[in-house]
Amino acid sequence: MSLDELIEKINWENNVGIVPVVVQDTKGEVLTLAYMNREALRRTLETGYAHYYSRSQRRVRMKGEVSGNTQRVKEIRIDCDSDALLLIVEQKGVACHTGNYSCFYRKLGEPERVLPMDYSLTILRELEELIRKRKESPVEGSYTSRLFKEGRERIYKKFGEEAVEVLVAETREGLIYETADMLYHLLVLLAYNDVSLGEVMAELRRRRR
């Protein structure tokens, strides 16, 4: 069966081209609920890594592209109505943006559990290294690799768009989300110009003195 035939086994029309995706790890723990369109499913099947459709940003993104917390897909199941999917994945790191392993870490009525913040540069250094690797050794289906392939104009435009999103964010959660996006695209812009994060930190240290 061809890739196109496999993708069209989904009843896309029930949800206007988007289907819900339940994601669980290989031990059976439910990690998150996400969404896919045709493109997201295609990239998932082609790369072996989970790609989802962001309804707020209206684009497809690989899970863990920024954080490194990727999901290697072991199995894809379809429900009885053919309009929902179940992904069984090998989770690297945590699945939730709060730092908790699963997005379903609390019972209904329980308070949010925000884990202690790591204020070191570790996550930025790890992200910088991942971006550098995607630049030097492109990976099929990688959003980062695609940015480098599309070149300077696309990279600069995306950073500008994300900076504007930070400025117009209307909620605290939105501001956090958009700032993370902006920092990621800034690191891509720096890598494109062969500028390291260490050089930027050195300039900040110089100014402090």
Look up atom [atom1] in [X] and atom [atom2] in [Y], then write down how far apart they are to the nearest 0.5 Å.
X      : Y      : atom1 : atom2 : result
Thr44  : Ile7   : OG1   : CD1   : 9.5 Å
Ile176 : Asp181 : CD1   : CG    : 13.0 Å
Glu199 : Leu197 : CD    : CG    : 9.5 Å
Arg134 : Leu130 : CZ    : CG    : 4.5 Å
Arg132 : Ser137 : CZ    : OG    : 8.5 Å
Met62  : Ser145 : CE    : OG    : 9.0 Å

Going by the rule ring-ring contact (aromatic ring centres under 6.0 Å, His included), which residues pair with Tyr184 if we only count those two or more places apart in sequence or in a different chain?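 Tyr184: no ring-ring contact (aromatic ring centres under 6.0 Å, His included) contacts found.
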With His185 via ring-ring contact (aromatic ring centres under 6.0 Å, His included) - residues at least two apart: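 So His185 forms a ring-ring contact (aromatic ring centres under 6.0 Å, His included) with Tyr143.
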Quick check against the 3.5 Å criterion: does His51 have a side-chain atom that pairs as donor or acceptor with the backbone of Leu41? no
Please check this pair: side chain of Asn37 against backbone of Glu39, looking for a donor-acceptor N/O pair closer than 3.5 Å.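 Yes; at least one donor-acceptor contact below 3.5 Å.
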Does Tyr53 have Arg55 sitting over its ring (NZ/CZ under 6.0 Å from centre, angle to axis within 45°)? no
Test item: side-chain donor near acceptor, Tyr49 and Glu90, under 3.5 Å: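 Side-chain D/A pair, Tyr49 to Glu90: absent.
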Between Asp83 and Asn14, is there a side-chain donor-acceptor contact under 3.5 Å, judged purely by atom types and distance? yes
SB check [X] [Y] (cutoff 4.0 Å):
X      : Y      : value
Glu5   : Lys9   : no
Lys158 : Glu161 : yes
Glu110 : Arg106 : no
Arg206 : Glu203 : yes
Glu140 : Arg43  : no

Here the side-chain hydrogen bond (donor to acceptor under 3.5 Å, both in side chains) pairs for residues 15-34, sequence neighbours left out, are Asp25-Tyr101
